[in-house]
*Asks:* 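Next up is a structure, given as structure tokens.
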Amino acid sequence: MTKKFYLTTAIDYPNSRPHIGTAFEKIGADVQARYRRQEGYAVHFLMGNDENTVKVSRRAEELGRDVKEYCDDMARQFQEVWRALDISFDDFIQTSEPRHHAACQKFIQKVFDAGHIYKGGYEGWYCDGCEAFKTDKEVKEAGGLCPAHLKAPIRRTEPCYYFALSKFQDRLLAFYEEHPDFIQPESRRNEVVTLVKGELRDVNITRTGETWGIPVPFDPEFTIYVWFDALLNYVSAIGYGTDDEKFNQWWPADVHFIGKDITRFHCALWPAMLMAAELPVPRTVFGHGFVYIKDDKTGTLDKISKSLGNVVEPMEIVTKFSSEAFRYYFLRECPFPGDGEFSWNRFADVFNADLANKLGNLYSRGVTLISKNYDSVLSGTAGRTPTEIEPELVAIVKQVRTNVEACHYSVALEKIWLAFTVPMNQYLEKTEPWKLVKTDKDAAKEVLFTLVEQLRRITILLKPFLPRSSETIYRGFNFAQPWESVQYADAAAAGKYADDVRVTAALEAGKVKPLFPRIG
RNA sequence: CCCGGGGUGGAGCAGUGGUAGCUCGCCAGGCUCAUAACCUGGAGGUCGUAGGUUCAAAUCCUGCCCCCGGAACCA
């Protein structure tokens, strides 16, 4: 039986376009999705937008647009960006969709019937200008004023419904104990456990006086508020309340990819909600790090922020360079579990060093040497095994695999370069096939055969990371195995050479077009 | 004040007990098949700090200093 793998990313607020930080999360999730598919899992990869928020309806109002129409347009724009980055999502949910509404209503009703929701009151700082409550922190930081309207908020109480989160304290702690891998990476674990051990307050899950949002079925004056709505996208998208068969096929999720800032909601509130509804809890939650922007001129490091004016849009990089360049930079330079930096200078350095100078150049060298000296065919290589230059091959592939599965992408990529790309360049330097071809053509052929074999391995390992370039390189030769079916195990085994190695890439004057043209 | 994370050569990062490692940058050589790419060698770190445990600590323990983040719409 095929193993299933259900993974999700956080849903985004569509009140502004995605930036490189949000893209970082999607790329990390995408590598996992592609890797699992490659390894034979039945994969379902969900992404989406979080639309039932006051900010979104306000933003649409500001623009004089219908809220739903605005959301649909933004959803289209988001997906356009994700597709440009080759994010291989299987489904994209908008929380304004009927399927999500239906699921939320069923879910909240079930939890209400089970006695985990009660009516109470919410007291806080209310700003008339915003027609919304402000957090204590917001008010405090603005010197006792509403940060948007710069006027004093008033103390106001309104009725609302609470989810009895505090009742789940013991069950949550027991759950963390039994499932030590639930919270990833390990370093986030303490934070959540400490938090849950401390004061766990019941959460307000409704609003009143809003027309945009999901009505509470047992009291339609109210709409479902924030997290109680947003988190449910993970179940509503796969048919909770609307398609039991599909739901049972995929739930529970194998991993939720989220930003480290919302770890607590996914690791405390979400499992408690599921327990309340008597549903299984996800296997893991992965809280990835953040990307900070480094200013090349001043050297200062800042959070990505509109007000600082340092937002870099993914499309800017994709258009100037390529989606592969974008993916590689963030996957190699920013450790997925931890924080990383982006700067244009660093981007150019990494691109040139790893992609242009090492990998791309190696491919060019191989193709040119074979096409010029052997008329693109290494005759007599059919059915043979090339010379091995990586004695630890099986162990290396295993390490790469382990790191990919643990989402330590930067480590995995470093290993691939150190174990294959760099040694291959050294091997060429030692054997000098461009000289050898004049004195011992068969020996030189053997070196190039080895080079092709190394490229085959690199592309297979790189397939989840750089889906396009790895395919281009692979298809540059006549490998017997279809690209669609290659797996990591194939990288650890000798290639199957049914026919003599042949260069099948398109050539111009015996050369391939550079895969990664140098920057600068 | 409290909680969590972190402080490793110029920059960015690995490294949880046993000769301090990777990438970029820098200096000097080599090579010329290749995208002026590639290869070799070198300079550069008392691993925030003060103690402690140990035959042995970046790695474990304690104090202190500094940076980042910290519950309601912020990836």
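Below, chains carry the letters A, B, ... as their sequence lines are ordered, and counting in each starts from 1.
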*Asks:* Without swapping roles, check the side chain of A:Gln32 against the backbone of A:Val404 for a donor-acceptor pair under 3.5 Å.
*Replies:* yes

*Asks:* Rounded to whole Å, how long is the line connecting atom OH of A:Tyr225 with atom P of B:C73?
*Replies:* 7 Å

*Asks:* If only side-chain N and O atoms count, and only distance matters, is there a donor-acceptor pair under 3.5 Å linking A:Thr8 with A:His256?
*Replies:* yes

*Asks:* Name the nucleic acid region contacted by A:Thr194, choosing base, sugar-phosphate or nothing; use a 4.0 angstrom heavy-atom cut-off, strictly under.
*Replies:* sugar-phosphate

*Asks:* Tell me yes or no: between the side chains of A:Asp30 and A:Ser88, is some donor less than 3.5 Å from an acceptor?
*Replies:* yes

*Asks:* Figure out the CD/P separation between A:Glu25 and B:C74, and round it to whole Å.
*Replies:* 15 Å

*Asks:* Measure CD/A:Glu333 against P/B:C22 and give the value in whole Å, please.
*Replies:* 16 Å

*Asks:* Go through B:A14, B:A75, B:A11 for me and flag the one nearest to the A:Lys294 side chain.
*Replies:* B:A11

*Asks:* When the C1' atoms of B:C73 and B:A14 are considered, how many whole Å apart are they?
*Replies:* 36 Å

*Asks:* Without hydrogens or angle criteria, can the side chains of A:Asp202 and A:Tyr118 be said to hold a donor-acceptor pair below 3.5 Å?
*Replies:* yes

*Asks:* If we take the P atom in both B:G25 and B:G12, what is their distance in whole Å?
*Replies:* 16 Å

*Asks:* Does the protein touch nucleotides 29-39 of chain B at the base, only the backbone, or not at all? Give it as B, S and - per nucleotide, heavy atoms under 4.0 Å.
*Replies:* -BSSBBB-SBS

*Asks:* I'd like the P distance from B:C55 over to B:C13, given in whole Å.
*Replies:* 37 Å

*Asks:* Just N and O in the side chain of A:Lys415: are any of them under 4.0 Å from OP1 or OP2 of B:C22?
*Replies:* no

*Asks:* Relative to each other, are the rings of A:Phe342 and A:Phe330 parallel, tilted or perpendicular (30° and 60° limits)?
*Replies:* parallel

*Asks:* Here's a test of your reading of the structure: between A:Asp339 and A:Asp12, which maps to the more 5' nucleotide of RNA chain B?
*Replies:* A:Asp339

*Asks:* For the residue pair A:Phe163 and A:His116, does the interplanar ring angle fall in the parallel (under 30°), tilted (30 to 60°) or perpendicular (over 60°) class?
*Replies:* perpendicular

*Asks:* Want to settle it: does A:Gly340 or A:Arg188 sit nearer the 5' end of RNA chain B, counting the closest nucleotide to each?
*Replies:* A:Arg188

*Asks:* Please state the P separation for the pair B:A58 and B:U8 - nearest whole angstrom.
*Replies:* 15 Å

*Asks:* Any side-chain donor paired with an acceptor under 3.5 Å for A:Asn425 and A:Arg365?
*Replies:* yes

*Asks:* Could you tell me how far apart A:Glu414 (CD) and B:C13 (P) are, to the nearest whole angstrom?
*Replies:* 14 Å

*Asks:* Write down the distance separating the C1' atoms in B:G7 and B:G41, rounded off to the nearest Å.
*Replies:* 32 Å

*Asks:* Write down the distance between CG (A:Asp349) and P (B:C22), rounded to a whole number of angstrom.
*Replies:* 18 Å

*Asks:* Could you check whether A:Arg201 gets within reach of a base, just the sugar-phosphate, or nothing at all, counting any heavy atom under 4.0 Å?
*Replies:* base

*Asks:* Applying a 4.0 Å non-hydrogen cut-off, can you work out what A:Val291 is touching in the nucleic acid: base, sugar-phosphate, or nothing?
*Replies:* base

*Asks:* Strictly distance-based, threshold 3.5 Å: is any side-chain N or O of A:Tyr374 a donor or acceptor partner for the main-chain N or O of A:Lys445?
*Replies:* yes

*Asks:* Send over the distance from A:Ile20 CD1 to B:A75 P, rounded to a whole Å.
*Replies:* 13 Å

*Asks:* Using the C1' atoms only, state how far B:C60 lies from B:G69, rounded to an integer number of Å.
*Replies:* 26 Å

*Asks:* Which whole-number value in Å describes the distance from A:Leu418 CG to B:G21 P?
*Replies:* 14 Å

*Asks:* Report the secondary structure of RNA chain B in dot-bracket form, marking unpaired bases with a dot and bases paired to a different strand with |, and treating Watson-Crick or G-U pairs with both distances under 3.5 Å as paired.
*Replies:* .(((((((.[[[[.)..(..]]]].(((((.......))))).....[[[[[..)....]]]]])))))).....

*Asks:* Please tell me whether A:Lys358 and A:Thr421 have a donor and an acceptor in their side chains that are separated by less than 3.5 angstrom.
*Replies:* no

*Asks:* Considering only side-chain heavy atoms of A:Lys55, which listed nucleotide, B:C68, B:C74, B:G12, is closest?
*Replies:* B:C74

*Asks:* Say whether, by atom type as modelled, one donor and one acceptor occur between the side chain of A:Thr504 and the main chain of A:Gly476 under 3.5 angstrom.
*Replies:* yes

*Asks:* Between B:C68 and B:G48, how far apart are the two C1' atoms, rounded to whole Å?
*Replies:* 15 Å

*Asks:* Ring-plane angle category for A:Phe336 and A:Phe24, please: parallel below 30°, perpendicular beyond 60°, tilted otherwise.
*Replies:* perpendicular

*Asks:* Taking B:G21 as the reference, what is the distance to B:G5 when you measure between their P atoms (whole Å, please)?
*Replies:* 29 Å

*Asks:* CG of A:Asn310 versus P of B:C74: gap in Å, rounded?
*Replies:* 16 Å

